[in-house]
**Q** 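Here's a structure for you.
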Amino acid sequence: MAVPKRKLSRSNTRSRRSQWKAEVPTLVKTVENGKVVYSLPHRAKVVEDSAGTALYYEYKGRKVADA
């Protein structure tokens, strides 16, 4: 693990930390069964039954993994 040779000043520490910013995720709007759904692009979505139990993961209309 990297260990600093000298102690950083308070201003240097705070200016470094100020560069970390949260970003809003880009959502894709799709219509499924007449309902508007927002999802993350290039992610497999969980297919659930009527009780809310996860059945499998789906990507581009194909089953890709079991839940």
**Q** Measuring from atom OH of Tyr56 to atom CG of Asp49, what distance do you get when rounded to the nearest 0.5 angstrom?
**A**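 Rounded to the nearest 0.5 Å, the OH-CG separation comes out at 10.5 Å.
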
**Q** Once you round to the nearest 0.5 Å, how far does CG of Asp66 lie from CG of Leu55?
**A**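 Going from CG on Asp66 over to CG on Leu55, the span is 10.0 Å.
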
**Q** Counting heavy atoms not belonging to Lys21, are there more than 12 under 6.0 Å from its NZ?
**A**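 Counting neighbours around NZ of Lys21, more than 12 heavy atoms of other residues, nucleotides or ligands fall under 6.0 Å, so yes.
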
**Q** With sequence neighbours left out, write down each residue that passes side chain to side chain donor-acceptor pair (under 3.5 Å) with Gln19, or none if nothing qualifies.
**A** none

**Q** What pair of heavy atoms forms the shortest contact from Val64 to Glu58, and how long is it?
**A**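 Shortest heavy-atom separation between Val64 and Glu58 comes out as CG2-N, 4.2 Å.
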
**Q** Determine, step by step, whether Tyr57 and Val46 satisfy the side-chain contact (heavy atoms from CB on, under 4.5 Å) criterion, reporting the C-alpha distance in whole Å, the side-chain angles of both residues, the deciding distance to 0.1 Å, and the verdict.
**A** CA-CA 5 Å; Tyr57 289 96; Val46 179; 3.2 Å; yes

**Q** Of all residues at least two apart in sequence or in a different chain, which pass the side chain to side chain donor-acceptor pair (under 3.5 Å) check with Tyr59?
**A**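 Tyr59: side chain to side chain donor-acceptor pair (under 3.5 Å) contacts with His42.
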
**Q** With distance as the sole test, does Ser15 use its side chain to make a donor-acceptor pair with the main-chain N or O of Ser11 at under 3.5 Å?
**A**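 Yes: the side chain of Ser15 pairs with the backbone of Ser11.
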
**Q** Would Leu40 and Val28 count as a side-chain contact (heavy atoms from CB on, under 4.5 Å) if you check the C-alpha gap in whole Å, the side-chain angles of each, and the deciding distance to 0.1 Å?
**A** CA-CA 6 Å; Leu40 292 168; Val28 176; over 6 Å; no

**Q** For the atom pair NZ (Lys7) and CG (Asn12), what is the distance rounded to the nearest 0.5 Å?
**A** 12.0 Å

